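So the structure is just underneath, and the comments pick up after that.
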Amino acid sequence: MSPLEPFLHTPRVAYFSMEIALESAIPTYAGGLGVLAGDTVRAAADLELPLVAVSLVSRGGHFRQSFDEAGRQVEQPAPWEPREHATPLAAKVALTLQERQVWVGGWLYVLSGHLGGKQPVLLLDTDLEENHPDDRSITHQLYGEDGSYRLRQEAVLGIGGVRLLQALGFEIRQYHMNEGHSALLAVELLRRHAHAPEELRPGESPFDVPLVRDLCCFTTHTPVEAGHDRFGYDLVQQVLDDFVPIAVLKQLGGEDVLNMTRLALNLSEYVNGVAQRHAEVSRRMFPGYRVHAVTNGVHPYTWTAPPLRALYDHYLPGWCHEPELLVRADCCIPQTALLQAHAEAKRALIARVAERTGVTLQPDLPILGFARRMTAYKRPDLLFTDLERLKAIAAARPFQVVLAGKAHPRDEGGKRLIELLHRHMRELAGVIPMAYLPDYDLDTALLMVSGSDVWLNTPLPPLEASGTSGMKAAFNGVPSLSVLDGWWVEGCIEGVTGWSVGAATEAGHDNDARALYDKLEQVVLPLYSGQLGAADGWARVMQGAIAKNASFFNSHRMMRRYATEAYIR
Ligand SMILES: *Cc1c(COP(=O)(O)O)cnc(C)c1O
């Protein structure tokens with residue numbers, strides 16, 4: 001029996017994403033978007049919601065990160081071998097790119113949930129003998145920067161993906177575009193469902209936009225203008241030729257350039273942003289479109305460290321399938337048991353830090369954790385704005401810092417930030433114990449969100465669409481200290497689930513830094529050392545993070561909403 005067979009009997013939702021984080025050993029992701037895609041499929045597996053994910057095989061992987069003596073990022077290639085993790089698909093399809101036939105095959109990765117559910121993931125691959133050498137590399141590199149390469153990647157994902165699903169015998173009830181990268185899938189559907197000339201009245205278009213809109217939904221992920229792909233029509237003409245008339249693309253994707261977000265907006269009946277604040281910002285960016293809000297969530301089992309899993313299994317059995325049960329954490333989980341489980345997670349992080357960096361951290365001093373893609377708007381340097389003030393705070397109440405995160409190889413600003421963080425680490429040596437863990441991936445992320453005591457997030461509003469690592473921290477009873485942007489606008493209950501930094505409006509770097517120092521010095525660190533209120537004050541906030549936030553900001557709630565609002569309409 002073909003390994004695909006079990007998945008062909010029920011109509012499925014096709015979930016398209018340029019990147020997907022399946023496991024640490026499969027480097028087909030660059031950051032939060034891919035992790036969200038992985039959590040989406042993991043939640044669908046637990047909920048037995050029939051899905052099929054479509055992504056690119058990205059054989060070249062992302063990259064392995066290390067640092068030189070100056071603290072500069074060093075990038076090593078991280079290719080992976082699909083054969084070791086997936087089985088080859090039996091079908092191949094062709095599309096025409098740059099007037100050449102390009103064959104698209106792929107791999108089946110079966111995602112097995114810990115509750116027994118399984119979901120198919122198709123990883124598209126053009127590295128086939130029958131292809132021209134230039135075309136074999138289309139699916140090598142994650143997010144090619146060159147416009148032509150990128151457009152060909154997106155054509156393989158969108159057009160190749162739809163054709164391959166059909167060739168393999170899938171019945172698709174709904175197409176979900178995770179970001180605009182896959183918007184050409186909707187154009188392929190326009191073509192597939194076009195009316196024959198004899199069915200048309202003179203002058204009537206053969207393309208049935210309402211029919212395609214009914215089949216599609218779209219999730220937009222970034223308020224950063226540059227995050228929305230645009231291609232000039234000269235390039236589109238050269239790569240896609242007469243795939244559909246350019247005039248049709250102009251109508252749907254913009255007169256001047258082909259804007260993939262606009263294309264997806266015009267061809268989807270259901271559109272959403274990934275947090276309430278982000279949906280508001282998106283409505284302003286794209287006036288005239290109805291943009292819903294489905295706030296992101298993280299996969300409960302994946303993002304809960306083993307000692308915390310054991311704790312929840314004992315006190316709130318069933319929490320994995322029904323994370324709403326965690327709402328009882330503040331009453332039903334004894335604080336001593338929670339503190340013990342956290343101490344164990346913290347020991348695991350401290351051990352990893354020692355092993356990877358040689359830095360020794362103290363189990364009884366608080367650890368501030370900060371890890372995410374290193375890029376300017378995330379402002380990883382905010383904490384280090386005034387080193388003298390930071391030293392004074394640490395002199396009164398010592399704390400430690402653990403950092404991690406990769407910068408995109410072509411993000412020069414992000415790479416400078418990594419270098420700067422290493423410089424601060426040297427400047428603070430002997431005063432604030434600090435470590436930078438290399439090679440941030442799923443495993444490192446779990447160690448950090450569970451082993452830190454405070455999860456720090458300091459983006460520049462309104463540029464964080466959602467952010468998810470703070471939700472992961474909540475699953476481990478780790479409160480966030482964060483700027484009010486993205487999900488934290490909804491998740492922050494001051495002093496109950498964590499703490500805010502600054503006002504919800506754009507306050508500027510120095511004001512935000514001052515607000516961060518004040519909150520650390522006057523609220524967070526005193527509470528940790530038991531000097532504000534009762535000695536159980538800290539554990540109370542840990543319980544609050546679990547009860548109020550893990551119970552809500554999880555992938556199961558998110559998928560139930562997509563199922564009832566986006567997929568069934
Ligand atoms: C969760 C996660 C992210 C996203 O974190 P944000 O807080 O949304 O920036 C990025 N990379 C990895 C490896 C993750 O696990």
Side-chain angles (χ1 to χ4, degrees), residues 17 19-40 42-43 61-65 78 142-143 178-179 219 221-224 227 273-275 277-278 295-305 349 352 369-380 382 402-408 411 414 417 437-452 454-461 463-476 478 480-483 485-492 498 549-550 553-555 558:
S17 183
E19 56 170 303
I20 186 162
L22 299 166
E23 43 185 283
S24 281
I26 303 185
T28 52
Y29 63 97
L33 183 69
V35 177
L36 180 84
D39 280 2
T40 296
R42 284 182 274 272
H62 198 30
F63 65 91
R64 202 147 289 131
Q65 181 196 48
L142 187 57
Y143 295 121
N178 188 43
E179 233 343 325
T219 303
H221 282 270
T222 177
V224 180
V274 291
R277 171 61 53 86
H278 175 237
T295 302
N296 280 342
V298 299
H299 186 250
Y301 183 82
T302 302
W303 293 111
T304 304
L349 174 62
R352 172 65 69 92
F370 183 101
R372 41 191 53 85
R373 196 160 46 82
M374 288 293 165
T375 194
Y377 86 82
K378 299 271 196 182
R379 297 195 297 187
L382 193 79
V402 180
L403 305 165
K406 296 177 177 179
H408 191 283
D411 181 353
L417 283 167
L437 278 174
D439 221 23
Y440 189 45
D441 63 6
L442 299 177
D443 293 333
T444 315
L446 179 58
L447 278 169
M448 285 189 66
V449 296
S450 58
S452 301
V454 178
W455 193 249
L456 192 64
N457 190 21
T458 51
L460 179 67
L463 300 182
E464 178 99 311
S466 163
T468 52
S469 59
M471 302 173 184
K472 300 169 190 170
F475 265 93
N476 295 283
V478 173
S480 284
L481 170 60
S482 170
V483 164
D485 197 19
W487 82 283
W488 195 235
V489 176
E490 295 158 63
C492 178
N549 283 351
F553 296 97
N554 58 72
S555 55
M558 174 181 82

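FYI, the numbering just counts along the sequence from 1. Quick caveat, the model's predicted, so the values are computed rather than measured. In each ligand, atom 1 is the first atom listed, and ligand 1 is the first ligand listed.
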Next on the checklist: Evaluate S555 against R42 for side-chain hydrogen bond (donor to acceptor under 3.5 Å, both in side chains), listing each step before the verdict.
Outcome noted: CA-CA 8 Å; S555 55; R42 284 182 274 272; over 6 Å; no
Item to check | I20 side, atom CD1; N178 side, atom CG - distance, nearest 0.5 Å | outcome: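 These two atoms lie 8.5 Å from each other.
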Checklist entry - Can you tell me how far CZ of F370 sits from CG of L382, rounded to the nearest 0.5 angstrom? => result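 Result: 8.5 Å between the selected atoms.
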Checklist entry - Are any side-chain N or O atoms of Q65 and backbone N or O atoms of G405, one a donor and one an acceptor, separated by less than 3.5 Å? => result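 Answer holds: yes.
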Item to check | Side-chain donor/acceptor of N554 to backbone N/O of G297, under 3.5 Å | outcome: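 Answer holds: no.
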Next on the checklist: So that I can tick it off, tell me whether E464 and K378 are bridged by a salt bridge, with the cut-off set at under 4.0 angstrom between side-chain N and carboxylate O.
Outcome noted: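 So K378 pairs with E464 through a salt bridge.
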Next on the checklist: For a quick check: using heavy atoms under 4.0 Å, what are the residues in contact with ligand 1, sorted by chain and number?
Outcome noted: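 Residues G31, G32, V35, W303, R372, K378, Y440, D441, A445, G467, T468, S469, K472 each place a heavy atom under 4.0 Å from ligand 1, listed by chain and number.
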